[in-house]
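Accompanying notes for the structure given below.
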Amino acid sequence: SFFNTGFNLTGVRRWSNGILVHMEQALALFQPTGIAATPYRKNDIVLGEDNGGLGGSVSGYAIVNVPYVGQCFPRRDGIYTFAGGKIEKISEKLDGGRYWDTINKDRLQESFAQIYPNRNEVWFWLPYGSGQTNMNHVMVLNYRLTRQNGEPTWYGPYVDLTRNCAALVD
């Protein structure tokens with residue numbers, strides 16, 4: 001790959017003074033060096049089996065920088081955040097039969113996220129149901145309440161909202 005990571009890239013998103021390169025098995029921070037011959041310095045956050053084998057996002061469309069929370073993204077077993085130290089799961093309340101077991105993991109790479117700044121929310125569009133190919137459920141993370149309460153504040157799912165993309169128009 002262009003970034004010479006050894007893994008297939010799933011997404012790239014700006015972070016602090018560099019970019020976070022997401023791979024399903026790894027996460028790396030590339031920071032500018034100011035040197036033309038080597039424009040970036042690679043800092044591995046997670047590689048392979050480090051941190052329990054957690055890497056970056058499975059979907060490049062669902063990586064979002066969330067105020068007060070960090071860079072959030074989906075993995076096959078839930079939604080995670082990276083806030084500069086380590087990768088942490090923030091969707092424990094959705095685990096198991098409560099919700100996440102019914103997400104179509106094979107289509108999760110097509111999931112996407114949208115930040116609604118006026119509502120202090122992030123909407124994660126997810127494929128709910130074993131045969132579901134479209135994003136038909138929305139789980140909402142309220143980041144203001146997450147900061148206020150000290151733990152992730154989720155609500156939803158919003159159902160019957162099948163979409164394949166979303167945007168805010170100002």
Side-chain angles (χ1 to χ4, degrees), residues 1-95 100 103-117 120-127 135 138-144 146-147 150-154 163-168:
S1 69
F2 174 76
F3 295 108
N4 196 25
T5 60
F7 299 105
N8 292 329
L9 272 64
T10 56
V12 176
R13 186 74 71 228
R14 185 177 191 277
W15 176 256
S16 184
N17 67 335
I19 56 174
L20 273 175
V21 177
H22 288 257
M23 297 138 289
E24 197 166 343
Q25 305 88 347
L27 184 65
L29 177 64
F30 285 74
Q31 295 175 298
T33 63
I35 303 168
T38 54
Y40 290 98
R41 178 181 67 243
K42 178 180 160 205
N43 299 308
D44 294 322
I45 308 297
V46 177
L47 280 178
E49 295 304 313
D50 295 347
N51 198 19
L54 298 177
S57 181
V58 296
S59 172
Y61 310 116
I63 304 169
V64 287
N65 291 324
V66 180
Y68 317 119
V69 178
Q71 191 168 99
C72 298
F73 51 91
R75 294 197 41 78
R76 290 183 67 85
D77 64 332
I79 296 176
Y80 286 77
T81 187
F82 174 77
K86 61 180 183 173
I87 296 171
E88 295 183 37
K89 188 173 189 176
I90 59 172
S91 63
E92 291 92 350
K93 292 181 179 178
L94 309 177
D95 280 354
W100 203 261
I103 295 294
N104 183 348
K105 313 301 188 296
D106 294 329
R107 293 293 294 168
L108 198 54
Q109 77 269 8
E110 301 299 326
S111 66
F112 58 94
Q114 179 68 51
I115 294 182
Y116 288 88
N120 301 302
E121 296 174 348
V122 181
W123 287 29
F124 289 93
W125 296 79
L126 303 166
M135 307 308 114
V138 178
M139 287 305 298
V140 179
L141 173 67
N142 185 303
Y143 53 84
R144 184 183 56 80
T146 294
R147 181 180 187 200
E151 65 178 15
T153 303
W154 292 95
R163 304 286 186 275
N164 287 319
C165 63
L168 290 178

Point to revise | Any V66 side-chain heavy atom under 4.5 Å of V122 side chain | key: yes

Check your understanding: Are any non-hydrogen side-chain atoms of V58 and R76 less than 4.5 angstrom apart?
Key -> yes

Exercise for review: Measure the spacing between OG1 of T10 and CD of Q25 and express it to the nearest 0.5 Å.
Suggested key: 8.5 Å

Point to revise | Derivation and outcome, side-chain contact (heavy atoms from CB on, under 4.5 Å), residues L126 and M135 | key: CA-CA 5 Å; L126 303 166; M135 307 308 114; 5.5 Å; no

Review point. Between K105 and I103, is there a donor-acceptor pair closer than 3.5 Å when you use the side chain of the first and the backbone of the second?
Key: yes

Check your understanding: With a 4.5 Å limit on heavy-atom distance, are the side chains of C165 and Y61 in contact?
Key -> no

Point to revise | Pair W154-V140, side-chain contact (heavy atoms from CB on, under 4.5 Å): steps then yes or no | key: CA-CA 6 Å; W154 292 95; V140 179; 5.9 Å; no

Revision key, fill the gap. So CZ of F124 and OG of S91: to nearest 0.5 Å the spacing works out to 9.0 Å

Review point. Does L29 reach the side chain of W15, with side-chain heavy atoms less than 4.5 Å apart?
Key: yes

Point to revise | Interatomic distance, S57 atom OG to L20 atom CG [nearest 0.5 angstrom] | key: 11.0 Å

Exercise for review: Spell out, as yes or no, whether a donor-acceptor pair under 3.5 Å connects the side chain of T33 to the backbone of I35.
Suggested key: yes

Review point. Any side-chain heavy-atom pair from M139 and L94 closer than 4.5 angstrom?
Key: yes

Review point. Charged N to carboxylate O under 4.0 angstrom, K89 versus D95?
Key: yes

**Study point:** Shortest non-hydrogen contact between E110 and S59, atoms and distance
**Key:** C-OG, 4.3 Å

Point to revise | Considering all heavy atoms, the nearest R75-W100 contact | key: O-CZ2, 3.6 Å

Point to revise | Neighbour count above 12 (heavy atom, 6.0 Å) for Y116 OH | key: yes

Practice item. For the pair Q71 (side chain) and R14 (backbone), establish whether a donor and an acceptor sit closer than 3.5 Å, ignoring hydrogens and angles. Key: yes

Practice item. Measure the shortest side-chain to side-chain distance between E151 and K93 over non-hydrogen atoms and say whether it is less than 4.5 angstrom. Key: yes

Point to revise | Check: N8/E24 side-chain N/O donor and acceptor closer than 3.5 Å | key: no

**Study point:** Pairwise distance CG(N142) to CD(E121) - rounded to 0.5 angstrom
**Key:** 5.5 Å

**Study point:** Rounded distance [0.5 Å steps], CD in E88 versus OG1 in T81
**Key:** 7.5 Å

Review point. Are F112 and W123 an aromatic pair by the rule of ring centers under 6.0 Å?
Key: no

Check your understanding: Taking atom CG of D77 and atom CD1 of I79, what is their separation to the nearest 0.5 Å?
Key -> 10.5 Å

Review point. Is the closest side-chain heavy-atom distance between P67 and Y143 below 4.5 Å?
Key: yes

Point to revise | Full working for side-chain contact (heavy atoms from CB on, under 4.5 Å) between L141 and I90 | key: CA-CA 10 Å; L141 173 67; I90 59 172; 3.9 Å; yes

Revision key, fill the gap. On a heavy-atom basis, the closest approach of P152 and T146 is CA-OG1, 3.6 Å

Practice item. Answer whether the closest heavy-atom distance between the side chains of H22 and V12 falls below 4.5 Å. Key: no

Practice item. Return the minimal non-hydrogen interatomic distance between I63 and F73, and the atom names on each side. Key: CG1-CB, 4.1 Å

